[in-house]
**Student:** 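Here it is, the structure, as structure tokens.
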2 protein chains.
Amino acid sequence: MATADKKRNTGCPIAFALDTFGDRWSLMIIRDIALRGSRTYGEFRDTPEKIATNVLADRLRELEADGIIQKSRDPENQRKNIYSLTEKGCDLIPVVLEMVRWSAKYDRTTKVKASFLDKIESDREGFAMEIRSRLKDR
Amino acid sequence: MATADKKRNTGCPIAFALDTFGDRWSLMIIRDIALRGSRTYGEFRDTPEKIATNVLADRLRELEADGIIQKSRDPENQRKNIYSLTEKGCDLIPVVLEMVRWSAKYDRTTKVKASFLDKIESDREGFAMEIRSRLKDR
DNA sequence: CGCACATAGTTGCTTTTTGCAAGCACTCAT
DNA sequence: ATGAGTGCTTGCAAAAAGCAACTATGTGCG
């Protein structure tokens with residue numbers, strides 16, 4: 001059973017956002033799709049962060065239920081499910097990019113490339129759009 | 001005992017950010033300081049979201065340990081601790097504002113004012129600076 | 001068909017975290 | 001000195017996360 005729905009529903013936007021993706025793993029999945037091009041269960045599972053498979057299955061269910069991602073069958077391999085961001089999910093890209101900016105500034109061991117950072121700094125909206133269309137073209 | 005330090009340390013900026021404030025409560029505290037002007041334990045405790053006091057104490061410890069907030073005594077009332085954002089914490093304001101934008105768009109019951117949203121849309125950086133200086137002037 | 005393998009999960013169990021109610025310690029005001 | 005305000009801690013129950021093993025279904029190939 002998926003995590004019980006205990007949304008706070010106080011009208012606060014931060015509470016709303018955290019109820020949707022404010023846990024240790026949801027945003028990681030969104031990152032995998034948006035920035036790493038991941039699309040399948042196996043790709044989400046095999047990241048350095050090592051999510052437990054039951055938690056992964058649970059989060060995929062929740063994110064789909066919340067309309068952040070959508071699931072479809074890979075026409076070329078019926079074993080695979082293809083997960084992708086919905087419009088609502090794509091709208092989280094700016095949030096992700098701001099987090100990248102912040103972490104790049106404060107993580108001494110960051111692996112964020114200067115060129116990536118430059119793109120965010122110089123044209124945030126444009127870069128977000130670029131990522132979106134890259135996702136659409138797959 | 002504070003939550004054990006189990007940072008993932010994979011070099012990924014999203015993992016880094018989530019390790020710092022990626023839980024149900026940390027960002028709520030940051031919101032309280034940045035957007036609601038909260039500064040004391042009691043103010044953090046008495047929000048509609050009803051954080052448990054042990055979790056609150058734990059998060060305040062963690063956020064301080066991570067250099068996001070700092071703690072000082074209220075000179076006018078020695079019973080009170082004043083919590084405020086450090087520079088590192090203030091740099092999270094853009095992340096918070098992007099989350100507000102997203103939630104305002106997708107939460108049908110949002111309480112975000114149109115005027116607040118307009119400020120974000122029209123001059124994001126300027127608005128972030130405005131919030132920062134408002135915090136400094138207290 | 002029949003079998004090995006790939007992919008995507010589920011299940012059962014342990015550990016960790018959260019939630020909740022009560023209580024403690026220090027400070028202030030009188 | 002006392003009682004109330006503020007900021008916590010403690011102990012215990014409930015929920016979630018982590019872990020390892022197992023199941024289910026589709027694919028490719030002899």
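Protein chains get the first letters and strands the later ones, always in sequence-line order, with residue 1 at the start of each.
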**Student:** Under 4.5 Å between side-chain heavy atoms, counting indirect links through other Ile/Leu/Val/Met/Phe/Trp/Tyr residues: same cluster for A:I131 and A:I33 or not?
**Tutor:**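 Per the 4.5 Å side-chain linkage, A:I131 and A:I33 are co-clustered.
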**Student:** Do NZ/NE/NH1/NH2 and the carboxylate oxygens of A:D74 and A:R39 come within less than 4.0 Å?
**Tutor:**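 Judged by the 4.0 Å cut-off on N to carboxylate O distance, A:D74 and A:R39 do not form a salt bridge.
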**Student:** Would you indicate what A:Y83 reaches in the nucleic acid, counting non-hydrogen atoms under 4.0 angstrom: base, sugar-phosphate, or nothing?
**Tutor:** sugar-phosphate
**Student:** With DNA chain D as reference, determine whether A:Q78 or A:A52 sits nearer its 5' end, using the nearest nucleotide of each.
**Tutor:**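 The residue closer to the strand's 5' end, by nearest nucleotide, is A:A52.
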**Student:** Closest approach to the side chain of B:T53, judged atom by atom: which nucleotide of C:dT18, D:dC8, D:dA17 is it?
**Tutor:**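 Looking only at heavy atoms from C-beta outward on B:T53, the closest nucleotide is D:dC8.
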**Student:** Roughly how many Å is it from CD1 in A:I51 to P in D:dA16, rounded to a whole number?
**Tutor:** 15 Å
**Student:** Within the pair B:W25 and C:dT17, is there a side-chain N or O less than 4.0 Å away from OP1 or OP2?
**Tutor:** no
**Student:** Quick one: is D:dC8 close enough that its OP1 or OP2 comes under 4.0 Å of any side-chain N or O from B:K71?
**Tutor:** yes
**Student:** Without swapping roles, check the side chain of B:K88 against the backbone of B:G67 for a donor-acceptor pair under 3.5 Å.
**Tutor:** no
**Student:** Ignoring hydrogens and geometry beyond distance, is a side-chain donor-acceptor pair present between B:S115 and B:D118 at under 3.5 Å?
**Tutor:**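 No.
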**Student:** How many Å lie between CZ on A:F44 and P on C:dA8, as a whole number?
**Tutor:**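 A:F44 atom CZ is separated from C:dA8 atom P by 9 Å.
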**Student:** Take the protein atom CD1 of A:I82 and the nucleotide atom C1' of C:dA8, then report the distance between them rounded to whole Å.
**Tutor:**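 So the two atoms are 13 Å apart, to the nearest Å.
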**Student:** Taking only nitrogen or oxygen atoms into account, show me every contact under 3.5 Å that the protein makes with nucleotides 1-7 of chain C, one pair per line with its distance.
**Tutor:**
from: C:dA6; atom 1: O4'; to: A:R79; atom 2: NH1; distance (Å): 3.2

**Student:** What is the distance, to the nearest angstrom, from the CD atom on A:E49 to the P atom on D:dC19?
**Tutor:** 14 Å
**Student:** Would you say B:V112 ends up clustered with B:L35 if hydrophobic residues are merged whenever their side chains have heavy atoms under 4.5 Å apart, either directly or through other cluster members?
**Tutor:**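 Yes, B:L35 and B:V112 fall within the same hydrophobic cluster.
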**Student:** What is the separation between atom CZ on B:R24 and atom P on D:dA16, rounded to the nearest whole Å?
**Tutor:**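 Atom CZ in B:R24 sits about 9 Å away from atom P in D:dA16.
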**Student:** How many whole angstroms separate atom CG of A:D58 from atom P of C:dT10?
**Tutor:** 9 Å
**Student:** Quick check: do B:F21 and A:W102 have side-chain heavy atoms less than 4.5 Å from each other?
**Tutor:** yes
**Student:** If I take atom CZ in residue B:R73 and atom P in nucleotide D:dG7, what distance separates them, rounded to the nearest angstrom?
**Tutor:**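 It works out to 9 Å between those atoms.
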**Student:** Round to a whole Å and report the spacing from CG of A:L56 to P of D:dC19.
**Tutor:**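 Nearest whole value for this atom pair: 14 Å.
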**Student:** Salt-bridge test for B:K80 and B:E43: reply yes if a basic N is under 4.0 Å from a carboxylate O, no otherwise.
**Tutor:** no
**Student:** Check the phosphate of C:dA8 against A:R61, side-chain N and O only, distance under 4.0 Å to OP1 or OP2. Yes or no?
**Tutor:**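 For C:dA8, neither OP1 nor OP2 has a side-chain N or O of A:R61 closer than 4.0 Å.
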**Student:** Where the side chain of A:N54 is defined as all heavy atoms beyond and including C-beta, which of D:dC19, D:dG26, D:dT10 is the nearest nucleotide?
**Tutor:**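 It is D:dC19.
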